[in-house]
Amino acid sequence: MDAKAFDVSTESTPKELLIADDSIVYDAIVVGAGVIGPCIATSLARKGKNVLIIEKSWAMPERIVGELMQPGGVRALRSLGMVQAINNIDAFPVTGYTVFYNDQKVDIPYPYKADIAPLEKIEGLVKDGNDQVLEDKNLHVKDYEEDERERGVAFVHGRFLDNLRKITMSETNVTCLQGNCIEILRNEKNEVIGTKVEIEGRGKISFKADLTFICDGIFSHFRKELSTTHIPKVESSFIGMALFHADIPAPMHGHVILGSDHLPIILYQISSVETRILCAYNSKKVPSNIKEWMIKNVQPFIPKSLRAAFDLALIDNKFKSLPNSYLPSVPNTVPGMCVIGDAMNMRHPLTGGGMTVGLSDVVLFVKMFGDMDFSDRSKITLEMEKFHQDKRSYDSVINTLSISLYSLFAAENDNLKALQKGCFKYFQRGGNCVNVPIKFLSGTLPNPLLLSKTFFAVVLYAIITNIQEHGVKGLPITLLQAISILLTACKVFTPYLYREWAN
Ligand SMILES: Cc1cc2nc3c(=O)[nH]c(=O)nc-3n(C[C@H](O)[C@H](O)[C@H](O)COP(=O)(O)OP(=O)(O)OC[C@H]3O[C@@H](n4cnc5c(N)ncnc54)[C@H](O)[C@@H]3O)c2cc1C
């Protein structure tokens with residue numbers, strides 16, 4: 001892996017990262033080396049394409065995003081032959097979720113491998129066992145390869161990115177460049193033909209390619225090249241802290257802490273010593289005094305075993321916040337350009353599905369386009385419509401689930417509170433009441449119709465629970481409430497599923 005990997009840990013940029021050739025036309029240029037860029041670049045290079053990948057900074061980033069990867073994401077990495085990027089970074093296995101509601105909790109393990117579709121290995125990408133997890137300090141081959149259930153993984157985001165980037169750098173067909181892309185170039189037919197890049201010591205240089213991938217992430221500058229109306233909607237934020245040596249109530253599980261009196265809190269162990277906590281805040285502008293807000297609105301609801309680590313983190317006073325954006329996909333209609341990853345499509349991070357969606361899009365893209373000639377821009381653009389149609393079964397499930405679950409879990413009115421309680425009680429029934437929802441969340445069941453059926457089964461259960469709790473005397477009111485709960489449920493689910501399929 002190290003043959004061509006440059007040392008980007010030093011303060012000055014390694015000169016190898018500044019010397020891309022601007023006199024040739026690449027098969028593909030990839031803008032951005034976050035999670036998706038390196039996967040696209042590596043996959044295409046393994047398919048024999050000459051690829052240039054451009055990143056603002058190849059130094060390890062420090063971000064609170066993309067730290068829990070669902071089994072669907074791990075499976076996509078296997079299909080691409082890049083799963084070993086999760087190895088040797090002190091990553092932690094994830095075997096399922098535990099949902100806390102007031103003083104109760106329910107465990108939701110990840111699905112059985114036998115219950116989901118078999119894994120696809122992409123020809124030319126998977127070789128020499130690169131679809132298999134390696135043995136390391138925390139991740140064991142036997143657990144990932146032989147256990148009957150799927151596994152996810154959690155890690156420090158920057159370390160994972162570093163590994164992905166090293167894999168990309170080691171590909172002979174890839175040139176890695178450090179620079180800031182400042183413009184997307186078009187020809188007289190309005191086709192995208194490359195990008196202009198500002199490079200340290202070289203100035204502004206134009207690079208040309210048959211196909212330019214826009215993978216510049218959440219705050220994408222270039223998604224507007226596709227459409228000026230392709231703009232994310234932001235209604236909430238996550239405020240994050242790092243807890244150290246926390247006594248985790250449900251080891252190896254993602255934790256979702258819910259309650260009738262607070263917004264959702266999520267938590268997962270990302271290394272042997274560090275646990276990420278993300279606290280929802282219902283506005284894109286976070287409170288001016290975050291510590292005070294945390295003490296009042298989060299601290300009282302933290303499980304006892306976590307309090308010591310949580311209180312120390314509060315004293316440390318290091319908070320990071322990010323907006324939670326929603327952006328449904330639109331078709332890639334501009335010849336010569338493919339927008340992918342968060343630049344194209346975003347959902348609520350509550351369910352940790354972003355990397356899984358982006359990686360599964362890469363898998364589909366390489367399967368559909370990997371062996372095609374990118375210089376035939378009109379043919380590629382025609383096929384892009386099919387790509388858009390095909391990827392929606394997968395993406396729409398994770399995206400819609402994330403938004404509607406957030407509405408329930410951050411319940412702002414009595415109807416949503418009844419749905420939140422009903423949802424938790426539904427999980428408590430066990431069996432298929434947890435086995436099916438976890439398949440959607442883990443990215444292993446791309447079936448929007450079944451998602452709708454399951455969502456409305458939860459709604460019905462919430463209505464029945466509400467009626468049972470109030471008894472015969474309360475019947476006139478609870479029957480009226482039933483209609484109101486049903487309408488609320490339709491409002492937090494149907495428009496989002498519709499939007500996922502409308503374009
Ligand atoms: C608070 C929060 C928590 C999240 N938690 C999870 C989680 O637990 N699990 C999960 O699966 N997903 C999570 N996500 C979503 C996940 O982080 C994204 O889906 C994923 O990072 C998208 O990858 P990407 O490659 O599209 O973009 P990014 O990872 O954002 O990468 C974009 C890259 O482009 C580079 N770039 C940008 N502009 C330029 C330019 N002009 N020139 C050159 N380079 C440029 C950037 O430096 C960056 O490296 C979370 C999101 C948020 C907001």
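Atoms within each ligand, like the ligands themselves, are counted from 1 in listed order.
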Trainee: What residue and heavy atom of the protein are closest to atom 25 (O) of ligand 1, and at what distance?
Mentor: Ile36 N, 2.9 Å
Trainee: Measure the shortest side-chain to side-chain distance between Val363 and Leu80 over non-hydrogen atoms and say whether it is less than 4.5 angstrom.
Mentor: yes
Trainee: Is the shortest side-chain heavy-atom distance between His388 and Ser329 below 4.5 Å?
Mentor: yes
Trainee: At less than 4.0 angstrom from any non-hydrogen atom of Ala33, what atoms of ligand 1 do you find?
Mentor: 49 (O)
Trainee: Report the nearest protein non-hydrogen atom to atom 9 (N) of ligand 1: residue, atom name, distance rounded to 0.1 Å.
Mentor: Leu68 O, 2.7 Å
Trainee: Judged by non-hydrogen atoms, does Glu198 sit under 4.0 Å from ligand 1?
Mentor: no
Trainee: Students should be able to answer this: which protein heavy-atom is nearest to atom 39 (C) of ligand 1, and at what distance?
Mentor: Lys56 CE, 3.6 Å
Trainee: My understanding is that we take every heavy atom of each candidate and find the minimum distance to atom 16 (C) of ligand 1. Doing that for Gly37, Cys39, Gly66, Gly73, which one comes out nearest?
Mentor: Gly66
Trainee: Could you tell me whether Glu183 and Lys204 make a salt bridge, using a distance below 4.0 angstrom between a side-chain N and a carboxylate O?
Mentor: no
Trainee: At what distance is the nearest protein heavy atom to atom 21 (O) of ligand 1, and which residue and atom is it?
Mentor: Val35 CG2, 3.7 Å
Trainee: Under a 4.0 Å threshold between the charged nitrogen and the carboxylate oxygen, would Arg347 count as salt-bridged to Asp342?
Mentor: yes
Trainee: Are the side chains of Ile438 and Pro111 in touch, meaning some heavy atoms are under 4.5 Å apart?
Mentor: yes
Trainee: Nearest to atom 49 (O) of ligand 1, what protein heavy atom do you find, and at what distance?
Mentor: Glu55 OE1, 2.7 Å
Trainee: Rounded to the nearest 0.5 Å, what separation is found between the CG atom of Leu185 and the OG1 atom of Thr212?
Mentor: 8.0 Å
Trainee: Starting from atom 52 (C) of ligand 1, locate the nearest protein heavy atom and write down its residue, its atom name and how far away it is, to 0.1 Å.
Mentor: Val65 CG1, 3.6 Å
Trainee: Given 3.5 Å as the limit, does a donor-acceptor pair link the side chain of Asp90 with the main chain of Ser271, or not?
Mentor: no
Trainee: Under 4.0 Å, heavy-atom basis, I'd like to know which part of Arg165 is in contact with ligand 1: side chain, backbone, both or neither.
Mentor: side chain
Trainee: To the nearest 0.5 Å, how far apart are OG1 in Thr275 and CD1 in Ile270?
Mentor: 7.5 Å
Trainee: How close does the nearest protein non-hydrogen atom get to atom 11 (O) of ligand 1, and which residue and atom is it?
Mentor: Met355 N, 2.8 Å
Trainee: If you measure from atom 40 (C) of ligand 1 to every heavy atom of Asn180, Val357, Ile54, which option wins on shortest distance?
Mentor: Asn180
Trainee: For atom 3 (C) of ligand 1, which candidate among Pro349, Gly34, Gly341, Gly217 holds the nearest heavy atom?
Mentor: Pro349
Trainee: Around atom 19 (O) of ligand 1, find the nearest protein heavy atom and jot down its residue, atom name and distance.
Mentor: Asp342 OD1, 2.8 Å
Trainee: Taking atom types as modelled, find out whether Ser236 and Asn282 have a side-chain donor-acceptor pair closer than 3.5 angstrom.
Mentor: no
Trainee: For ligand 1, is there an atom lying under 4.0 Å from some heavy atom of Gly358?
Mentor: no
Trainee: Look at the rings of Phe365 and Phe374 and say which category their plane angle falls in: under 30° parallel, 30 to 60° tilted, over 60° perpendicular.
Mentor: perpendicular
Trainee: Are the side chain of Asn163 and the backbone N or O of Asn87 linked by a donor-acceptor pair below 3.5 Å?
Mentor: yes
Trainee: So, 4.0 Å and heavy atoms of Met69: is ligand 1 close enough to count as a contact?
Mentor: no
Trainee: Would you check whether Tyr268 reaches within less than 4.0 Å of ligand 1, judged by its heavy atoms?
Mentor: yes
Trainee: Under 4.0 Å from a heavy atom of Gly179: give me the atoms of ligand 1 that qualify, with their elements.
Mentor: 42 (N), 43 (C)
Trainee: Tell me which one of Ser220, Ser57, Pro323, Gly354 gets a heavy atom nearest to atom 53 (C) of ligand 1.
Mentor: Pro323
Trainee: Counting N and O atoms only, with roles assigned by atom type, does the side chain of Asn180 sit under 3.5 Å from a partner on the main chain of Glu198, one being a donor and the other an acceptor?
Mentor: no
Trainee: Considering Ala154, Ser402, Gly32, Cys215 one by one, which has a heavy atom nearer to atom 32 (C) of ligand 1 than any of the others?
Mentor: Cys215
Trainee: Can you tell me if Arg165 uses its side chain to pair, donor with acceptor, with the backbone of Ala33 under 3.5 Å?
Mentor: yes
Trainee: Where does Pro61 meet ligand 1, judged by heavy-atom distances below 4.0 Å: at the side chain, the backbone, both, or neither?
Mentor: neither
Trainee: Which atoms of ligand 1 sit under 4.0 Å from any heavy atom of Glu67?
Mentor: 7 (C), 8 (O)
Trainee: Please work out, at 4.0 Å between heavy atoms, whether the side chain, the backbone, both, or neither of Arg63 comes within that distance of ligand 1.
Mentor: side chain
Trainee: Between Arg46 and Glu171, does any NZ, NE, NH1 or NH2 come within less than 4.0 Å of an OD or OE carboxylate oxygen?
Mentor: yes
